[in-house]
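Quick note: residue numbers are just sequence positions, from 1.
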Amino acid sequence: MSFRFASVVLALTLWGWQVATPVAATEISSFRSGLVCDPGERGWICIDTEDIHLTGQGRCVFNKEEFPCTWYGFSFDYQNSKPGTSLVCTYKSSMPASMGNPKEVLAEDTDEGTYSLPLDGASGTFYNPQYTVLRTAEAGQAVVVTSSRCTVDGKEVARFRFNIIAPARSK
């Protein structure tokens, strides 16, 4: 049976007909999430962990203001990506917060959302640094859990969570 199919494909190809072949989907490998050692453009995840202790050792710009913060994020390798492919992530947090970037606040008092990040080129390493501004918390409110799910072309490629642990307020 497979010999006949191969013969038909060979014959159609020799006659100049094109046979449709499945297009490979974007493949993700070496996914890591956790603490970032260098938040720069070529940074990396140095400690693969869900627990992110807010220390304020980093500096971050949020809504045009600089704050002490802690850097974390995720990275992965990818291949077979088509032009225009984006990673689409949805998140849900156990506590509302303001979400934004260095230029502006995008949402206030929200506990869920979606963001989209382009994958450049057919293959490479994707790195997404994130941060939380240093804050303190009352006892019992020190941990904020953020769960994320990311897809490419509707197919789940990553699921991860961060336990953002704030230091306790001084009495």
Cluster companions of Leu106 among Ile, Leu, Val, Met, Phe, Trp, Tyr (side-chain spacing under 4.5 Å) | none

Pair Tyr72, Thr49: side-chain N/O donor-acceptor within cut-off below 3.5 Å | no

By ring pair (Phe, Tyr, Trp, His ring centres under 6.0 Å) - contacts of Tyr91 (at least two apart) = none

Note: Ser116 and Ser86 closest approach over all heavy atoms is OG-CB, 3.4 Å

Find the distance between CG (Asn163) and OG (Ser94) and round it off to the nearest 0.5 Å.
-> 8.5 Å

Verdict with supporting geometry, Cys150 and Phe76, side chain to side chain contact (heavy atoms under 4.5 Å, CB included) = CA-CA 12 Å; Cys150 299; Phe76 55 84; over 6 Å; no

Do the side chains of Ile165 and Phe67 join up, straight or via other hydrophobic residues, at under 4.5 Å, putting them in one cluster?
-> no

Nearest 0.5 Å please: distance from the CG atom of Leu119 over to the CD atom of Gln79.
-> 12.5 Å

Answer yes or no: is there a side-chain heavy-atom contact under 4.5 Å between Thr90 and Lys92?
-> no

Checking side chain to side chain contact (heavy atoms under 4.5 Å, CB included) for the pair Ile52/Gln130: CA distance, chi angles, key distance, verdict?
-> CA-CA 11 Å; Ile52 308 298; Gln130 302 173 343; over 6 Å; no

Answer yes or no: is there a side-chain heavy-atom contact under 4.5 Å between Ser98 and Phe62?
-> yes

Evaluate the side-chain proximity of Phe162 to Ser148: yes if any heavy-atom separation is below 4.5 Å, no if none is.
-> no

Shortest non-hydrogen contact from Glu27 toward Asn80 | OE2-ND2, 2.9 Å

Distance-only, no hydrogens or angles: does the Tyr131 side chain make a donor-acceptor pair with backbone N or O of Val61 under 3.5 Å?
-> yes

Once you round to the nearest 0.5 Å, how far does CD1 of Ile47 lie from SG of Cys37?
-> 6.0 Å

Of all residues at least two apart in sequence or in a different chain, which pass the side chain to side chain donor-acceptor pair (under 3.5 Å) check with Thr125?
-> Asp77

Are Leu35 and Phe126 connected, step by step, through hydrophobic side chains (Ile, Leu, Val, Met, Phe, Trp, Tyr) whose heavy atoms are closer than 4.5 Å?
-> yes

Roughly how far, to the nearest 0.5 Å, is CG of Leu134 from CG of Leu54?
-> 6.5 Å

Residue pair Ser33 / Phe74: nearest heavy atoms and the distance that separates them = CB-CB, 3.9 Å

Taking atom OG of Ser93 and atom CZ of Arg161, what is their separation to the nearest 0.5 Å?
-> 11.5 Å

N/O donor-acceptor pair under 3.5 Å between Ser75 side chain and Trp44 backbone = no

On a heavy-atom basis, the closest approach of Tyr78 and Thr26 is CB-CG2, 4.3 Å

Would you indicate whether Glu104, at its atom CD, is surrounded by more than 12 heavy atoms from other residues, nucleotides or ligands within a distance under 6.0 Å?
-> yes

Value for SG (Cys46) from CH2 (Trp71), rounded to nearest 0.5 Å, stands at 13.5 Å

Might you point out which heavy atoms bring Ala166 and Arg135 nearest each other, and give the distance in Å?
-> CB-NH1, 3.4 Å

Report whether Tyr115 and Met99 are members of the same hydrophobic cluster (ILVMFWY, side-chain heavy atoms less than 4.5 Å apart, transitive linking).
-> yes

Apply side chain to side chain contact (heavy atoms under 4.5 Å, CB included) to the pair Val36 and Ile45, showing each step before the final yes or no.
-> CA-CA 5 Å; Val36 168; Ile45 307 302; 3.7 Å; yes

Between Ile164 and Met95, is any pair of side-chain heavy atoms under 4.5 Å apart?
-> no

Spell out, yes or no, whether Val133 and Val144 are grouped together once hydrophobic residues are joined by side-chain heavy atoms under 4.5 Å, including indirect joins.
-> no

So do Lys64 and Pro102 actually touch side chain to side chain, heavy atoms under 4.5 Å?
-> no

Show the numbers, then the answer: is there a side chain to side chain contact (heavy atoms under 4.5 Å, CB included) between Thr132 and Thr70?
-> CA-CA 6 Å; Thr132 294; Thr70 299; 5.7 Å; no

Hydrophobic cluster identity match, Leu117 and Val157, side-chain contacts under 4.5 Å | yes

